[in-house]
Amino acid sequence: MSSLLRLATAGSVDDGKSTLVGRLLYDTKSVLADQLDAVTRASVDRGLSTPDLSLLVDGLRSEREQGITIDVAYRYFATPKRSFVLADTPGHVQYTRNTVTGASTAQLAVLLVDARKGVIEQTRRHAAVLALLGVPRLVLAVNKIDLVDYDEETFTVIAKEFTDHATSLGYPAGSVLSIPVSALVGDNVVDRSDETPWYDGPTLLEHLENVPAAPDPHDAPFRFPVQYVIRPRTPEHPDYRGYAGQVAAGTVRRGDEVVVLPAGLRTTVEGIDTADGPLDEAAAGRSVTLLLADDLDISRGDVIAAAGEAPVPTDELAATVAWLSEKPLRPGARVLLKHGTRTVQAFVEELSARFDEQKLSTVDAPDALQLNEIGQVRIRTAEPLPVDDYAVNRRTGSFLVIDAGDGTTLAAGLVGAPLSVLSS
């Protein structure tokens, strides 16, 4: 079992997500004393008899009310069994794009619903985005169960509806768990509730501590986007030439044969340097400087890959995009495409389909993609890119679409056809 779990939270406005995150932080003793004192004082000022745990994270809400755009807040906590990195995403419909950011590296997502409302449009939208991004496990937290008098039938109906929806999106039944919780009171969040004797599953924290977590992609084929070429040209290092970056996937070892893409030049790894000294090998997530046996023309944006399992560079991508801009995407748009450390000019040749996350169907050849819509596109790039299929490698199978005029991010893209899987 991995000692680290990356998870994301998602849910509609006022479903109690802030309170749930606050409850996790509070009950795992991950809150500093001065933070808790401040929350207690603020709660008393509001006339509350107990601390409002949502105030531990609701700085996000006050910032949104001031018109400040919030991406994702990352929160860190730990128990004796496991450490956690939690991506806390806003719940408003117009912030669905932030769910994409928060879920892009998640191994598990916790979706909240209000027990009084059940599965709603935003729940379905979030589940579709999570499935599209390949998040392998889902937890449905049926919150505010105390406000429906801990009714078993209400929970059962909501859990079945969501499980059926998740299964339609391609999730195996065993990868989806529903838990009745009250974030406000604490039922089944960290401690088991006496009010739900009919529920025999784990509490939320028990599940997070014990669920098998997909490891970082150490076993995938080696991929290394070059960020910077290091040439000191000093008396101590007159001939040093190193290629700095972060291992995106797989593992690299001294002596490995590699290929530099898109040029296709082959060489071997002669050394692996870090600020703490040389290594014999480096796995995904490690920032290193590679030394190669041959002097090759390599620059920022190139990808060093395992010679026997290298992708074939292409200038035409069939991909799925989550459109994140208020400006619609139409066929013929000229944009920038950022893949790894390389940014190239690109042209949107075709909008093949738009996914309807409510009906789980596609609309062929739409005129445009609007904010928060998901669609299948065909993009031609000015230079060939060494992309992987997203289903094979999330890191090198993803890209960003950028406005060439002002540099704003327009879309998150996934190479391949995960959209067709969702609508099959």
Side-chain angles (χ1 to χ4, degrees), residues 5 7-28 50-54 56-57 77 79 81-82 84 86 88-89 91 106-127 130-131 135-169 171-212:
L5 180 71
L7 65 149
T9 59
S12 301
V13 179
D14 295 329
D15 277 354
K17 183 169 60 62
S18 295
T19 303
L20 180 69
V21 174
R23 172 65 63 181
L24 275 174
L25 297 176
Y26 178 77
D27 284 358
T28 56
T50 58
D52 181 355
L53 298 180
S54 70
L56 289 170
V57 294
F77 65 101
T79 69
K81 288 188 175 182
R82 177 173 270 175
F84 303 91
L86 187 153
D88 184 21
T89 62
Q107 299 159 307
L108 177 146
V110 179
L111 256 174
L112 270 78
V113 297
D114 186 325
R116 298 168 299 176
K117 302 175 183 177
V119 176
I120 61 174
E121 178 182 351
Q122 185 73 335
T123 311
R124 293 174 176 271
R125 179 181 291 111
H126 280 152
L130 296 171
V135 179
R137 293 181 180 274
L138 295 181
V139 173
L140 181 71
V142 183
N143 194 26
K144 305 184 182 181
I145 194 71
D146 54 314
L147 299 184
V148 293
D149 297 325
Y150 300 96
D151 184 58
E152 179 181 6
E153 184 177 357
T154 298
F155 169 76
T156 301
V157 170
I158 294 173
K160 183 180 185 307
E161 181 181 357
F162 180 79
T163 300
D164 290 346
H165 180 69
T167 302
S168 300
L169 293 170
Y171 279 100
S175 65
V176 181
L177 174 69
S178 297
I179 305 175
V181 303
S182 171
L184 182 64
V185 180
D187 294 305
N188 295 327
V189 178
V190 172
D191 300 317
R192 183 169 299 279
S193 173
D194 294 333
E195 303 290 345
T196 56
W198 42 264
Y199 174 71
D200 59 3
T203 66
L204 177 59
L205 185 62
E206 285 173 350
H207 183 64
L208 297 180
E209 285 183 323
N210 294 292
V211 65

Show your reasoning for whether side chain to side chain contact (heavy atoms under 4.5 Å, CB included) applies to Lys117 and Val113.
-> CA-CA 7 Å; Lys117 302 175 183 177; Val113 297; over 6 Å; no
When rounded to the nearest 0.5 angstrom, what distance separates [atom1] in [X] from [atom2] in [Y]?
| X | Y | atom1 | atom2 | result |
| --- | --- | --- | --- | --- |
| Ile179 | Leu140 | CD1 | CG | 9.0 Å |
| Leu86 | Leu108 | CG | CG | 10.0 Å |
| Phe84 | Gln107 | CZ | CD | 11.0 Å |
| Leu130 | Arg137 | CG | CZ | 14.5 Å |
| Trp198 | Glu153 | CH2 | CD | 11.0 Å |
| Leu184 | Asn143 | CG | CG | 8.5 Å |

Considering only NZ, NE, NH1 and NH2 on the basic side and carboxylate oxygens on the acidic side, decide whether Glu206 and Lys81 come within less than 4.0 Å.
->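 Salt bridge absent between Glu206 and Lys81.
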Taking the side chain from Arg125 and the backbone from Ile120, do they hold a donor-acceptor pair closer than 3.5 Å?
->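 The answer is no, because no donor-acceptor pair under 3.5 Å joins these two groups.
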Do any N or O atoms from the side chain of Tyr199 and from the backbone of Pro202 form a donor-acceptor pair under 3.5 angstrom?
->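 Yes: the side chain of Tyr199 pairs with the backbone of Pro202.
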[X] and [Y]: which non-hydrogen atoms are nearest, and at how many Å?
| X | Y | result |
| --- | --- | --- |
| Arg82 | Val211 | NH1-O, 3.0 Å |
| Val142 | Ala115 | CG1-CB, 3.8 Å |
| Ile145 | Pro180 | CG1-CB, 4.1 Å |
| Ser193 | Asp187 | OG-OD1, 2.6 Å |
| Ala106 | Pro136 | O-CD, 3.9 Å |
| Ala183 | Val189 | CA-CG2, 4.2 Å |

Step by step, work out the side chain to side chain contact (heavy atoms under 4.5 Å, CB included) result for Leu112 and Leu20.
-> CA-CA 9 Å; Leu112 270 78; Leu20 180 69; 3.4 Å; yes
Test His126 against Leu138 for side chain to side chain contact (heavy atoms under 4.5 Å, CB included), laying out the working first.
-> CA-CA 11 Å; His126 280 152; Leu138 295 181; over 6 Å; no
Would Thr203 and Val190 count as a side chain to side chain contact (heavy atoms under 4.5 Å, CB included) if you check the C-alpha gap in whole Å, the side-chain angles of each, and the deciding distance to 0.1 Å?
-> CA-CA 6 Å; Thr203 66; Val190 172; 5.8 Å; no
Answer yes if the side chains of Thr196 and Asn188 hold a donor-acceptor pair under 3.5 Å, and no otherwise.
->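 The criterion, which ignores hydrogens and geometry beyond distance, is satisfied for Asn188 and Thr196.
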Hey, which of Val139, Leu208, Val135 is the one that makes side chain to side chain contact (heavy atoms under 4.5 Å, CB included) with Leu7?
->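 Testing Leu7 for a side chain to side chain contact (heavy atoms under 4.5 Å, CB included) against Val139, Leu208, Val135 leaves exactly one candidate, Leu208.
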Should Phe155 and Ser178 count as side-chain neighbours, where that means a heavy-atom distance under 4.5 Å?
->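 Answer yes - side chains close enough.
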